Amino acid sequence: MEIDNPTPEELQRCHLARLPPYTEIDFKAFTKKSPAFKKIWIKCSGRLDFQDPETLKVLTAATLEIDFGLKIDLPDDRLCPPVPNRWNYVAWIQALLDTTSPTYRDEYDPDRKVVGLDVGTGASAIYALLCLRTRPNWTMCVTDVDKKSFDSAARNLALNNMLTRTKMLQTMETNALVPLNFLKVDRLDFTICNPPFFSDEKDMRSSIKGEGKSWTPNSVCTGSGTEMVCEGGDLGFVTRMVEESLLLKDKVSWYSSMLGKMSSAKAIVGLLKKHGITNWAVGCLEPGATTKRWVVAWSFGDYRPRNDIARIETIANEYLPFPTMYKIPLTADQSTESVRETINTNLSALDLCWSWDTSTWTGVGVATQNVWARAYRRKHEKKMKEQAATRTSKEDSTMDEETDVGNVTIAFRIRILGASLEEETESKVLVEWLQGTDKVLWESLCGAIHGYFRKR
Ligand SMILES: C[S@@+](CC[C@H](N)C(=O)[O-])C[C@H]1O[C@@H](n2cnc3c(N)ncnc32)[C@H](O)[C@@H]1O
């Protein structure tokens with residue numbers, strides 16, 4: 001069979017779907033790719049004036065064009081979104097979804113259809129543009145209360161041929177923030193939102209001037225009152241979203257929002273915990289030297305996000321969800337081959353669905369209950385022996401060996417790291433929690449797997 005080489009478009013698509021978050025922007029490289037940016041760069045002798053609205057506009061347009069192939073046209077009196085901050089939020093959401101997929105994949109699945117909602121899309125429709133451009137199988141819903149922003153968002157989506165993949169709704173302050181009925185959608189995979197941060201105009205003006213801070217904000221804010229102010233500020237807005245989510249529950253797989261301050265992120269996590277929500281994720285957006293922002297996402301489902309997505313180190317443990325990763329260090333005398341053998345022998349003997357991928361040194365297990373408990377194992381071994389004794393035909397044997405995993409109580413992945421020569425890491429076993437609600441069961445599983453490697 002002849003395999004076609006990928007076209008430049010296919011390569012570009014593949015590259016965009018896996019773009020990492022920004023750590024910095026190489027402005028010098030931009031001057032070679034954008035004449036408009038080069039003009040500004042020369043004018044300011046290489047010291048960009050982030051307090052100048054025109055500079056911000058040109059920088060945003062150049063970043064979108066160069067890094068994403070997107071066009072943008074913004075009114076002067078509406079927010080000009082800094083791309084690194086917005087992209088890092090989108091990249092975080094993508095990782096959250098990629099690591100909580102029903103297929104237990106830990107990476108982008110180009111065939112997965114995803115529907116998102118951008119609450120308060122703004123004049124740029126920035127989140128919708130970035131999501132749709134980088135993930136061809138995604139579609140978006142977008143809302144806004146402000147007519148001028150809404151019309152401008154429509155223009156920007158049209159400019160990038162994305163209107164057919166977007167459902168737009170101009171909404172009202174009094175309407176729901178996640179208006180599934182008005183949007184005429186049954187469910188969503190995620191919501192994304194940069195809420196108005198301030199509770200009144202005075203608060204907004206003093207924050208923009210940097211009053212009460214030991215530093216001045218690094219960029220000018222071109223946002224209007226409607227964009228930046230709402231009752232209760234970001235905390236009030238996201239509290240409303242949490243309250244709505246208590247009614248909508250798993251009609252949305254992941255609710256999320258950006259928050260301006262760590263204290264607001266902590267307050268939202270406190271609220272989630274108060275309502276008994278145990279599946280959440282906290283991230284920090286800090287692309288380069290820009291203002292730090294926080295992101296919180298929560299779910300009523302039982303797919304567990306990868307540990308590095310759900311937990312950041314810069315916030316106290318009480319605000320973080322339960323760890324979803326457990327590391328088992330290996331000693332020098334434990335070869336990765338023998339470790340693989342130990343894992344496969346022990347897990348294949350249990351009454352669970354276990355599959356091992358030789359090429360990636362990774363296995364996935366799915367169980368309906370605590371099948372590693374001693375009492376369960378004894379019962380299972382006895383049953384297996386009885387079945388083997390009465391087995392009469394080959395068909396019987398095939399049926400007996402299948403494990404029914406209709407009700408998934410826990411799913412997990414085991415990875416042996418340091419097994420291949422390319423990996424410059426010490427050998428260790430990583431156990432990851434993929435699905436389930438019972439953290440005691442998860443801890444018990446980690447203990448059982450660790451036990452396979454303890455010297456007796
Ligand atoms: C801070 S701006 C964010 C704009 C854009 N998403 C961005 O990140 O640059 C907040 C947006 O939310 C909109 N908004 C305010 N209240 C809203 C509500 N109740 N429902 C939908 N959008 C709302 C504002 O009009 C504004 O466009």
Side-chain angles (χ1 to χ4, degrees), residues 53 56-57 59-61 63-64 70 72-75 77-90 92-93 116-132 140-157 166-183 190-201 203-204 207-208 217 219-244 255-261 264 285 287 290-291 293-295:
L56 288 193
K57 254 187 166 183
L59 176 60
T60 289
T63 315
L64 287 174
L70 287 164
I72 192 124
D73 176 25
L74 290 170
D77 56 354
R78 290 293 181 271
L79 205 58
C80 172
V83 180
N85 161 287
R86 303 301 196 270
W87 168 251
N88 285 14
Y89 183 8
V90 170
W92 185 74
I93 283 285
L117 164 65
D118 177 9
V119 181
T121 194
S124 56
I126 184 80
Y127 290 128
L129 294 184
L130 292 172
C131 287
L132 294 171
M140 291 295 292
C141 302
V142 303
T143 63
D144 210 292
V145 287
D146 176 39
K147 170 129 180 55
K148 184 163 186 180
S149 291
F150 187 81
D151 292 345
S152 168
R155 269 197 314 279
N156 280 312
L157 287 160
T166 315
K167 223 174 219 189
M168 298 192 72
L169 177 73
Q170 191 184 337
T171 176
M172 289 189 297
E173 303 275 358
T174 47
N175 283 355
L177 296 173
V178 185
L180 295 189
N181 290 347
F182 287 117
L183 285 164
F190 72 96
T191 67
I192 191 164
C193 175
N194 176 12
F197 280 172
F198 306 104
S199 51
D200 56 48
E201 297 241 358
D203 183 17
M204 174 176 118
S207 174
I208 287 167
S219 311
V220 67
C221 173
T222 53
S224 66
T226 19
E227 288 177 289
M228 309 301 289
V229 177
C230 73
E231 205 184 324
D234 56 352
L235 195 51
F237 202 87
V238 185
T239 298
R240 263 179 78 187
M241 215 182 260
V242 171
E243 280 159 6
E244 285 183 28
Y255 301 85
S256 85
S257 184
M258 195 197 286
L259 292 141
K261 292 181 279 196
S264 307
L285 309 174
T290 60
T291 311
R293 299 288 182 218
W294 303 85
V295 276

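Only a predicted model underlies this, so the values are computations on that prediction, with no experimental measurement involved. Heavy atoms only: backbone and side chains are in, while hydrogens, waters and symmetry mates are out. For the single chain, residues carry numbers from 1 onward in sequence order. Atoms within a ligand are numbered from 1 in the order they appear, just like the ligands themselves.
Side-chain contact between M241 and C193 is present, with at least one heavy-atom pair separated by less than 4.5 Å. Looking only at side-chain heavy atoms (C-beta outward), I192 and Y89 come within less than 4.5 Å of each other.
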Show me, pair by pair, the donor-acceptor contacts under 3.5 angstrom made by side chains of residues 118-131, not counting sequence neighbours?
unit_1: D118; atom_1: OD2; unit_2: T121; atom_2: OG1; d: 2.7
unit_1: S124; atom_1: OG; unit_2: I126; atom_2: N; d: 3.2

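Of all the heavy atoms in M258 and N85, the pair that sits closest is CE-OD1, 3.2 Å. Taking all atoms of both residues into account, the shortest heavy-atom contact from Q170 to F150 is N-CE1, 3.2 Å.
Other residues, nucleotides and ligands place no more than 12 heavy atoms under 6.0 Å from the NZ atom of K261.
In this structure, ligand 1 sits under 4.0 Å from heavy atoms belonging to L79, P81, R86, G120, T121, G122, I126, Y127, T143, D144, V145, D146, T171, L177, N194, P195, P196, T226, E227, F237.
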